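Only one structure is covered here, and it is reproduced in the block below.
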Amino acid sequence: MASLRGGMEFVGGKPVRLKPPDDQIVSPTLRLTSQQRPDVVLGQTVEAGQIISDPVDVNQPCRTSPIAGTIHSIIRRPEPGPVPRQRQGRAGLSAAPSPQYDVTILPAAPTAASSLPIDPPTDTTLEAWHSAMRNTGPWPQAGLGYDLVGELAAAKKSRPDTIICLGLDAFPPHPDRSSILGSFPADAAMGSSAMAQICGASTVIMLVGRNIRPLDRLRKSCRNFSVKFTCVENVYPAADPTLVIWAHTSGRRKLPHGGSPMSQGVLLISPWTAIRIARWITRKRLDVVSPMLIGRPQASATMNWRYTFAGQPLASLDAALVGQAGALHGRVVMGNPITGQAPRELRSEAGPLPPVVPDDDHLISLLGRSTIGAAEPCITCGWCVDVCPTRLRPIHLVQLAETSNGKKNRAGRRLAAHLPWCIDCGLCTHVCPSHLPLGQMLRDARRQRTADD
Amino acid sequence: MLGGGMVFFGWRGLLNVTLTVISCHLTYLVSALLLQRRSARHEQRPTAYGLWMGLLMGVSTPLTLNLIIPIISGLLLGLAVHLIGRAHRLRVHPVALVILLVWVVPALIYPADAPTMRQSLTQPIQTVLRPGRVFIGDAADAGPKASWVDTSPWLDATGSSDSIRRKHQQTLLIREQRRILDDPKLLINMLRSGELVPLGELICGAVPGPIGATSPLLLILLGLYLMYSRLASWRSAAAALVGAMATYLLLPVAHDGDTTTVFARLLNMQPLAAITMVSYVFLASPWCLIVLILAPSVDPLSRNGRLVYGLIIGVTVMLCQWYAATPETAFVSLIVAGLISRPLDALARSPFTR
């Protein structure tokens with residue numbers, strides 16, 4: 001990254017080797033989330049792969065049931081739920097909170113198939129694949145914050161010129177993407193290449209960190225499928241979409257935080273998406289499970305992993321995740337320890353529900369004990385400025401936020417010009433010797449701006 | 001720094017520092033209370049902040065007989081920290097401002113004779129304790145020879161009194177620097193006569209000056225530690241050194257009726273003499289205290305800003321040392337650089353917002 005400094009080096013974790021999912025996997029009760037009123041009713045029997053929610057907006061993915069079972073309950077959340085991380089821009093996903101429904105499905109059998117006998121589209125056009133993916137959705141991009149179906153809808157209007165399979169780990173000590181990529185290198189390369197053909201992109205990049213194993217196998221696979229293999233030093237937060245697009249595309253493209261990469265002519269896909277597409281093409285079966293890795297706070301600990309259905313109870317993954325919501329609070333986050341958030345159920349004010357596996361992340365981080373000091377006045381050490389990867393001045397932005405107080409005055413305008421480039425990496429909070437929650441304060445300022453707009 | 005000051009100034013040094021600390025801390029607490037009552041939005045700092053600032057003030061100012069000086073210094077500092085400093089928009093070092101207000105501004109009443117005015121108003125003590133009386137002696141007790149300057153090496157200083165009188169090296173250099181550059185033999189004579197103390201003693205701090213900051217060696221070590229712990233930026237210090245050196249070499253000096261540069265005069269000196277002269281210029285001045293200890297706390301946040309900031313400080317210190325009559329005037333550099341410290345941060349621009 002030529003003109004960007006900052007970031008922080010972490011000791012990279014050792015990637016784990018995943019085996020392909022078994023044909024049959026234990027199937028617990030699932031609780032799926034639908035962004036609109038489901039098209040099923042209580043007591044209805046559903047088949048595996050059946051659509052339970054078909055959005056009016058054809059650019060949004062359907063919600064399908066991965067298992068056969070019975071609809072046990074449909075609960076509308078009493079108030080609009082927390083806004084999921086959605087990307088704005090030409091992809092057209094709305095950031096406005098919408099009513100959400102929790103659909104609980106009791107499985108018909110103790111085990112369920114990990115993949116469904118659904119043929120991929122024979123037509124290689126973007127329209128055909130968008131339609132097929134929509135009907136088998138959702139296709140969440142783990143850790144990237146948007147669904148592939150929405151991005152493909154945007155691609156129909158304006159084709160991307162670059163596809164990037166983002167194999168860089170979001171948090172180097174927990175190498176979730178490296179593990180998935182290293183376990184299925186040929187599939188990842190094939191899937192990326194296939195996506196480029198579907199979208200008509202001229203450049204396909206496989207972006208990985210230096211800790212990936214086996215490196216040569218992946219490099220060879222990329223060569224076989226004409227995918228550009230790029231191996232870089234993963235200095236956190238190098239995997240952030242804003243920094244990836246800035247550093248690895250032509251023309252220094254600027255993607256604001258929360259923006260859709262399609263607005264910059266880039267389609268970012270997660271490794272599991274590429275692998276899933278390739279396995280769909282080669283096996284004629286669509287995987288309905290996804291790998292879930294559990295990162296532990298100890299540096300030497302190896303990640304646990306297993307294949308899960310979206311919506312299955314978190315407690316079914318690991319003994320450390322068993323417990324009441326109160327016991328889990330502050331001990332587990334979805335995603336990496338720096339930017340991850342507590343499971344939605346633990347944040348809900350409607351009463352604690354058992355947390356379930358999300359469909360938009362492959363990593364659960366168990367947190368160690370941490371002592372957070374009381375905030376003290378800023379000592380202008382400049383460490384937050386040194387570490388900011390987008391070369392902002394976090395402490396000054398926080399002061400602007402306090403001065404503007406949500407109003408559109410001069411301070412507010414200056415804040416508005418800089419805030420989109422805060423990528424919410426959390427490093428300023430991490431390094432501040434005065435324990436100022438800079439990252440959280442900037443996040444609050446951004447939330448307030450979004451609410452005002 | 002305080003420990004170093006106790007070696008050469010003993011209990012009087014400790015008394016001066018203590019008075020400054022108490023005065024500063026009490027004023028700080030009382031004014032903080034009043035400000036908090038007046039405005040709930042007034043930013044609260046740790047209670048010990050007044051203590052630490054008072055300590056810094058105490059060790060940065062010369063030892064004085066007039067005990068009103070440390071008390072007034074502490075009082076002014078206790079008020080100033082609420083208005084200026086590292087956490088304020090006006091990032092001017094409060095210690096530098098108070099030093100100027102107490103040690104320079106009153107002397108400007110008679111600008112033609114500022115050193116004499118400084119002497120009579122503040123009554124700085126021009127002595128250091130003998131080797132056998134360090135820590136415990138009375139720095140003001142120079143015995144019957146109080147008016148004599150003891151030019152013998154410090155370790156050889158004998159006598160019944162607690163302290164020996166020595167010339168204030170910073171003031172001496174300010175007064176004689178042009179003459180030395182005009183006639184290099186003067187430097188040799190001053191060294192031989194003991195008027196200019198040996199470099200080793202100067203580095204250790206066996207000279208009158210700021211209570212805790214007479215030893216450039218201690219200041220350099222402390223400055224390096226601050227850089228190592230990333231509380232200070234090596235960029236500022238390096239830029240200050242470059243700026244000071246460049247400025248000093250280009251300063252105009254008269255020689256044989258003509259005006260030339262310091263650089264030209266140094267070239268005409270013996271290499272060892274030139275190096276010695278430059279060493280005294282840096283070591284017998286507040287350069288180390290200003291650049292390594294005080295400047296880092298009010299510097300800009302960005303790397304480019306710190307470079308420019310250091311450059312400005314280095315240049316200004318040298319100009320003050322050349323043209324001003326008292327060494328404390330060099331603290332103007334902190335005022336000037338501090339005033340633009342915040343705007344210098346604008347030099348750090350994100351490529352995303354350009």
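Side chains are part of it too, since the values below use all heavy atoms of this structure and drop only hydrogens, waters and symmetry mates. Computed from a prediction, not measured in an experiment: that's the story for all the values here. Each chain gets a letter, A, B and so on, in the order the sequences are listed, and its residues count up from 1.
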| task | Tabulate, in ascending numerical order, the residues of residues 291-300 of chain B having at least one heavy atom closer than 4.5 Å to a heavy atom of chain A, or enter 'none'. | result | B:S297, B:D299
Can you give each donor-acceptor pair under 3.5 Å made by side-chain atoms of residues 217-229 of chain B, sequence neighbours left out, with the distance rounded to 0.1 Å?
from, atom 1, to, atom 2, distance (Å)
B:S229, OG, B:Y225, O, 3.0
B:S229, OG, B:L226, O, 3.3

| In terms of side-chain geometry, is the basic nitrogen of B:D345 or B:R342 positioned less than 4.0 Å from the acidic oxygen of its partner? | no
| field | Heavy-atom pair of closest approach, residues A:A401 and A:A445 | value | CB-CB, 4.0 Å
| said: Quick check on A:I379 against chain B: is it the side chain, the backbone, both or neither that has a heavy atom closer than 4.5 Å? | reply: both
| message | Can you tell me which portion of B:R91 sits under 4.5 Å from chain A's heavy atoms? Options are side chain, backbone, both or neither. | response | side chain
| message | Looking at every heavy atom in both A:F171 and A:I338, which two are closest together, and how far apart are they? | response | CE1-CD1, 3.8 Å
| Can the ring centres of B:F331 and B:W103 be said to be less than 6.0 Å apart? | no
| query | What is the minimum heavy-atom distance between B:G54 and B:T20, and which atoms define it? | reply | O-CG2, 3.7 Å
| task | Just do the salt bridge (charged side-chain N to carboxylate O under 4.0 Å, His left out) check on A:R253 and A:D161 with the steps written out, would you? | result | CA-CA 12 Å; A:R253 305 182 202 187; A:D161 57 64; 3.1 Å; yes
